[in-house]
Amino acid sequence: MLRNLKSNNGSTLVIVLMVIMVLGILIPAGFSWYNKLFLNENRILHQKQAVNLSVSAMETFKWQDNLEKIDYLKSYTYTLENPLSVMKDGGNKLHLYQYAEDSKGNRLTSEQLENYSGEYTVVTKAIAGDLNQDQQKSINEPYFYEHKMTAVETVANGEVLIEWENNNSIWMTFQEFIQDFENETIGGDVTVFSVGENRVYDEINKMTIITDGNLSIKGGNTINTNHNGQSEISLISNEGDITIDQTELISTGNSNHSFILLNAPHGNVSIQNSTIRAERYISIYAGMDKETNEIKALDKDIRIKNSILDVNKNKSDIIKKASGDIIED
């Protein structure tokens, strides 16, 4: 009986040792398997988040009207220096890069997009797990994943965009625009991006633009009328706003008709980063009737920022009348 007990103890010890040995093999293997499963699940999660963000950004861009895509990119350009950071559940951070490239692959800045014409490529790129934000996978970034999308778009070649009230639009050169619509009322919005070669337009006579919609001149242009007779510049928006941005308006003829008029009887007038210089006088109306001084629309403002208004003959001949506020900075 004693021999049997000793024999059983020996067998039990062998079994225990075998179990410990098996567990010693299985536990590390199980831990390794679990760790790989955990890593894979997190990689998949990060990949899905990057794909969803990139696709969502591209779809949002595509939803924009063709005429608004450039303005959208100007407002929502995210570069290496300034990406959009998105914090997801669990503290996972995503970075979105969104920008436009020209036909040669050079990134377009917001300023360059302002007056861009031709074919361009929009890029949306979302990166997950980029801890040092260098857009490259590092050894300590196990969840790094990049999803990039591109789309080729075209801005119609032209200098002046007319958007008619029936939602149709047309591009043309500034010279064609002046020839076709001088003194005629345009039933829609007019945006002047350029006035020709070197962004300078010299006219020996007067120039008048009249529209029922918004009227904008932007992009570093110079319009100069220098005739000694009628050399006035008249910009009139019957129902909309007038915006003068990064533009020089100069009327230098030596007569009583050397003036500049900005007339928006039902809208606002905004002048920023611009110079307006006339020989005789400058008149600006917002929400007011020029002839009767009657209010046509309430709370319409004149806003002048980082701009120069100058009259050569008499400094007092600068008229600014608004139904709202006159704000100068």
Look only at the side chain of Ser251 and the backbone of Ile260, and say whether a donor-acceptor pair between them is shorter than 3.5 Å. no

Spell out, as yes or no, whether a donor-acceptor pair under 3.5 Å connects the side chain of Asn214 to the backbone of Asp189. no

Could you work out, with ring-ring contact (aromatic ring centres under 6.0 Å, His included) as the rule, every residue matching Tyr97, not counting sequence neighbours? none

Which of parallel (below 30°), tilted (30 to 60°) and perpendicular (above 60°) describes Phe181 and Trp164? tilted

Rounded to the nearest 0.5 Å, how far does CG of Asp245 lie from OG of Ser270? 7.5 Å

Could you pull out all donor-acceptor pairs under 3.5 Å where a side-chain atom in residues 295-304 meets a protein atom, sequence neighbours excluded?
{"unit_1": "Asp301", "atom_1": "OD1", "unit_2": "Asp325", "atom_2": "N", "d": "2.7"}
{"unit_1": "Asp301", "atom_1": "OD2", "unit_2": "Arg303", "atom_2": "NH2", "d": "3.4"}

Can a side-chain donor-acceptor contact be found between Asn82 and Thr79 if the only test is distance below 3.5 angstrom? no

Show the numbers, then the answer: is there a side chain to side chain contact (heavy atoms under 4.5 Å, CB included) between Glu294 and Met288? CA-CA 6 Å; Glu294 294 179 354; Met288 304 279 294; over 6 Å; no

Close side-chain approach of Ser138 to Asn132, heavy-atom, < 4.5 Å: yes

Working to the nearest 0.5 angstrom, can you tell me the gap between Glu232 CD and Met207 CE? 10.5 Å

Give the minimum heavy-atom separation between Trp171 and Glu159, together with the two atoms involved. CE3-N, 4.1 Å

Under 4.5 Å between side-chain heavy atoms, hopping through other hydrophobics if needed: is there a path connecting Leu80 to Leu96? no

Minimum-distance pair of heavy atoms, taken over all atoms of Ile284 and Ile271: CD1-CD1, 3.7 Å

Without swapping roles, check the side chain of His147 against the backbone of Ala126 for a donor-acceptor pair under 3.5 Å. no

Please test Lys218 against Thr191 for side chain to side chain contact (heavy atoms under 4.5 Å, CB included), starting from the C-alpha separation and ending with a verdict. CA-CA 8 Å; Lys218 57 180 67 176; Thr191 304; 4.3 Å; yes

Under 4.0 Å between a side-chain nitrogen and a carboxylate oxygen: does that hold for Lys320 and Glu328? yes

The criterion is salt bridge (charged side-chain N to carboxylate O under 4.0 Å, His left out); which residues satisfy it with Lys305, sequence neighbours excluded? none

Within the side chain of Ser234, is there an N or O that forms a donor-acceptor pair under 3.5 Å with the backbone of Thr208? no

What pairs with Glu141 under salt bridge (charged side-chain N to carboxylate O under 4.0 Å, His left out), at least two apart in sequence or on another chain? none

Between Arg199 and Glu248, is there a side-chain N and carboxylate O pair less than 4.0 Å apart? no

Asp241 (side chain) donor-acceptor with Val269 (main chain) under 3.5 angstrom: no

Applying ring-ring contact (aromatic ring centres under 6.0 Å, His included), name anything that partners Phe144, two or more places apart in sequence or on another chain. none

Strictly under 6.0 Å, is that where the ring centroids of Tyr78 and Tyr99 end up? no

Nearest-0.5 Å distance, CD1 of residue Ile170 to CD of residue Glu163: 12.0 Å

Going by heavy atoms in the side chains, are Ile217 and Thr243 under 4.5 Å from each other? no

Centroid-centroid distance, Tyr72 to Trp63, less than 6.0 Å: no

Should Ile308 and Leu262 be counted in the same cluster of Ile, Leu, Val, Met, Phe, Trp and Tyr side chains packed under 4.5 Å apart? no

Ignoring hydrogens and angles, tell me if any N or O in the side chain of Ser274 forms a donor-acceptor pair with the backbone of Gln272 under 3.5 Å. yes

Distance (rounded to the nearest 0.5 Å) between Leu235 CG and Ile244 CD1: 5.0 Å

Do Glu279 and Asn312 pair up side chain to side chain, a donor and an acceptor below 3.5 Å, judged on atom types alone? yes

For Thr121 and Thr150 the tightest heavy-atom approach is CG2-CB, 3.9 Å

Is Gln175 close to Tyr201 at the side-chain level, that is, under 4.5 Å between some pair of heavy atoms? yes

Do any N or O atoms from the side chain of Gln64 and from the backbone of Phe61 form a donor-acceptor pair under 3.5 angstrom? no

Any side-chain heavy-atom pair from Tyr76 and Asp71 closer than 4.5 angstrom? no

Heavy-atom closest contact (Pro142 atom, Lys137 atom, distance): CA-NZ, 3.9 Å

Cluster question for you: counting only ILVMFWY and a side-chain heavy-atom cut-off of under 4.5 Å, with indirect links fine, are Leu309 and Val311 together? yes

Answer yes if the side chains of Thr173 and Glu176 hold a donor-acceptor pair under 3.5 Å, and no otherwise. yes

Tell me whether Thr247 contacts the main-chain N or O of Gly220 through its side chain, where contact means a donor paired with an acceptor under 3.5 Å. no

Looking only at non-hydrogen atoms, find the nearest pair between Tyr285 and Asn293 and report the distance. CE2-OD1, 3.9 Å

Pro265 and Lys290, any side-chain heavy atoms less than 4.5 Å apart: no

First locate atom NZ of Lys62, then atom CE of Met149, and finally report the distance between them rounded to the nearest 0.5 Å. 9.0 Å

Locate the shortest heavy-atom distance separating Ala264 from Gly240; write the atom from each residue and the value. CB-O, 3.7 Å

For the pair Ile210 and Glu184, evaluate side chain to side chain contact (heavy atoms under 4.5 Å, CB included) and give the outcome as yes or no after the intermediate values. CA-CA 6 Å; Ile210 307 172; Glu184 291 189 18; over 6 Å; no

Side-chain (Thr77) to main-chain (Leu73) donor-acceptor, under 3.5 angstrom: yes

Heavy-atom side-chain proximity of Gln135 to Ile127 below 4.5 angstrom: yes

Output, in order, the C-alpha distance, side-chain angles, deciding distance and verdict of side chain to side chain contact (heavy atoms under 4.5 Å, CB included) for Phe177 and Val195. CA-CA 10 Å; Phe177 171 74; Val195 296; over 6 Å; no

Mind checking ring-ring contact (aromatic ring centres under 6.0 Å, His included) for Tyr145 and listing every partner two or more places apart, or none if nothing turns up? none

Heavy atoms, side chains only, cut-off 4.5 Å: are Glu153 and Lys69 in contact? yes

Side chains of Leu161 and Phe193 in contact at under 4.5 Å (non-hydrogen atoms): yes

What's the spacing between Arg107 CZ and Tyr120 OH if we round to 0.5 Å? 15.5 Å

Same cluster or not: are Ile162 and Val192 linked, directly or through other Ile, Leu, Val, Met, Phe, Trp or Tyr residues, by side-chain heavy atoms under 4.5 angstrom apart? yes

Report yes or no: does Thr211 contribute a side-chain atom to a donor-acceptor pair with the main-chain N or O of Gly188 at less than 3.5 Å? yes

Ile242 reachable from Ile282 in the ILVMFWY side-chain graph, under 4.5 Å edges: yes

